[in-house]
Amino acid sequence: PTINHHIQRIARIVRSLGDFARLYSRQRVSTDLAKIMETTLELVRYDKNFRKIKVRTEIGTIRELEVDPDQIQQVFLNLILNARDAMPEGGDLDISMRENGDFAEIVIADSGEGIEEEGRDNIFDPFFTTKGPSGGTGLGLSISYSIIKDHGGSVDVRNSENGGARFTVRLPVDNTREGQES
């Protein structure tokens with residue numbers, strides 16, 4: 001490993017810590033989650049590593065939610081990029097959104113190797129990573145978890161029956177008061 005390699009890694013960590021620190025300066029507005037997902041997918045389509053990944057979407061009707069659109073996009077982007085990293089040789093990425101009772105449910109499932117059981121308990125911990133020293137900072141899922149919790153939601157991860165990881169994000173449909181108390 002070169003000095004430049006280590007400098008780039010430190011820069012990524014500092015940027016991620018900056019994102020973590022900005023987590024609480026938010027502005028919530030009435031937002032269409034489907035549009036956020038569409039914009040996020042447009043961003044990643046330019047990534048050369050997505051050329052080998054088949055993206056399938058099933059977007060149902062979800063009423064607009066009071067969320068910070070930038071933070072929710074950050075969550076979607078983190079989950080999609082992690083799915084990409086789990087499928088270096090290509091695969092399938094299935095994304096679905098629907099209203100399920102009192103929640104908007106967003107599922108992002110990949111056809112990678114899945115997540116080892118012992119790692120699943122720590123996956124949302126800061127600095128936990130399965131990508132090794134040259135991979136991620138271990139902050140993406142931790143930040144995503146904090147954002148979803150701050151919006152009154154939950155995020156769950158499990159392995160799919162057919163292999164790969166399956167992340168389910170649930171955000172309350174009536175979330176105008178969630179996370180707004182000081």
Side-chain angles (χ1 to χ4, degrees), residues 13 15-44 55-86 93-110 114-115 117 119-130 136-160 164-182:
I13 291 171
R15 264 194 311 277
S16 295
L17 285 170
D19 291 341
F20 202 71
R22 284 191 295 277
L23 191 59
Y24 300 101
S25 60
R26 66 192 181 282
Q27 183 174 2
R28 295 187 184 185
V29 294
S30 187
T31 305
D32 181 350
L33 292 183
K35 288 216 183 306
I36 293 175
M37 183 61 75
E38 184 180 311
T39 303
T40 306
L41 288 171
E42 280 301 312
L43 280 173
V44 300
V55 179
R56 296 183 295 238
T57 58
E58 187 178 315
I59 309 296
T61 304
I62 299 176
R63 66 188 102 168
E64 291 194 351
L65 274 66
E66 293 287 322
V67 297
D68 179 320
D70 294 333
Q71 287 185 337
I72 297 302
Q73 183 169 35
Q74 182 178 0
V75 170
F76 292 169
L77 189 59
N78 281 337
L79 294 175
I80 289 169
L81 293 178
N82 280 350
R84 174 206 64 193
D85 293 346
L93 177 61
D94 294 316
I95 298 171
S96 66
M97 294 179 135
R98 66 188 180 114
E99 247 182 68
N100 186 2
D102 294 334
F103 293 91
E105 191 174 81
I106 302 95
V107 176
I108 297 174
D110 65 62
I115 301 165
E117 195 169 331
R120 245 180 283 153
D121 293 339
N122 303 320
I123 199 162
F124 298 110
D125 292 350
F127 303 108
F128 178 83
T129 182
T130 59
T137 60
L139 288 172
L141 287 177
S142 178
I143 291 169
S144 296
Y145 181 84
S146 296
I147 289 170
I148 296 303
K149 283 291 184 192
D150 189 52
H151 280 79
S154 65
V155 59
D156 177 59
V157 61
R158 54 190 64 189
N159 288 331
S160 300
R166 176 185 176 92
F167 284 83
T168 303
V169 173
R170 289 182 187 84
L171 291 167
V173 175
D174 183 18
N175 63 352
T176 54
R177 304 303 308 142
E178 294 291 339
Q180 306 234 346
E181 292 87 28
S182 297

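Atom CD of Q71 is separated from atom OG1 of T31 by 11.0 Å, given to the nearest 0.5 angstrom. With values rounded to the nearest 0.5 angstrom, D150 atom CG is found 12.0 Å from Y145 atom OH. Annotation: the span from I148 atom CD1 to I72 atom CD1 amounts to 4.5 Å, rounded to 0.5 Å. Between the NE2 atom of H151 and the CG atom of D68 there is a distance of 5.5 Å, given to the nearest 0.5 Å. The CG atom of L171 sits 5.0 Å away from the CD1 atom of I106 when rounded to the nearest 0.5 Å.
Between V173 and G101, the shortest heavy-atom distance links the atoms CG2-O, 4.4 Å. Across all non-hydrogen atoms, the minimal contact from D110 to A86 is OD2-CB, 4.1 Å. Scanning all heavy atoms of the two residues, the minimum distance from A165 to N159 falls at CA-OD1, 4.1 Å. Closest approach of P172 and L65 over heavy atoms only: O-CD2, 3.5 Å. The shortest non-hydrogen separation linking R166 to V107 is CZ-CG1, 3.6 Å.
When the side chain to side chain donor-acceptor pair (under 3.5 Å) test is applied to R84, the partners found at least two apart in sequence or on another chain are D47. Remark: S30 engages E64 in a side chain to side chain donor-acceptor pair (under 3.5 Å) (not counting sequence neighbours). With sequence neighbours excluded, the residues forming a side-chain contact (heavy atoms from CB on, under 4.5 Å) with N100 are R98, E105, listed by chain and number.
Atom CG of D102 has 12 or fewer heavy atoms from other residues, nucleotides or ligands within 6.0 Å.
Under the 4.5 Å side-chain criterion, counting only non-hydrogen atoms from C-beta, I95 is not in contact with F76. Between I80 and I108, some side-chain heavy-atom pair lies under the 4.5 Å cut-off. Residues L141 and L79 are in side-chain contact: their nearest non-hydrogen atoms beyond the backbone lie under 4.5 Å apart.
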Below 3.5 Å, can you tabulate the donor-acceptor pairs from side chains in residues 35-44 to any protein atom, sequence neighbours excluded?
| residue | atom | partner | partner atom | Å |
| --- | --- | --- | --- | --- |
| T39 | OG1 | K35 | O | 2.9 |
| T40 | OG1 | I36 | O | 2.7 |
| T40 | OG1 | Q73 | NE2 | 3.3 |
| E42 | OE2 | R45 | NE | 3.4 |

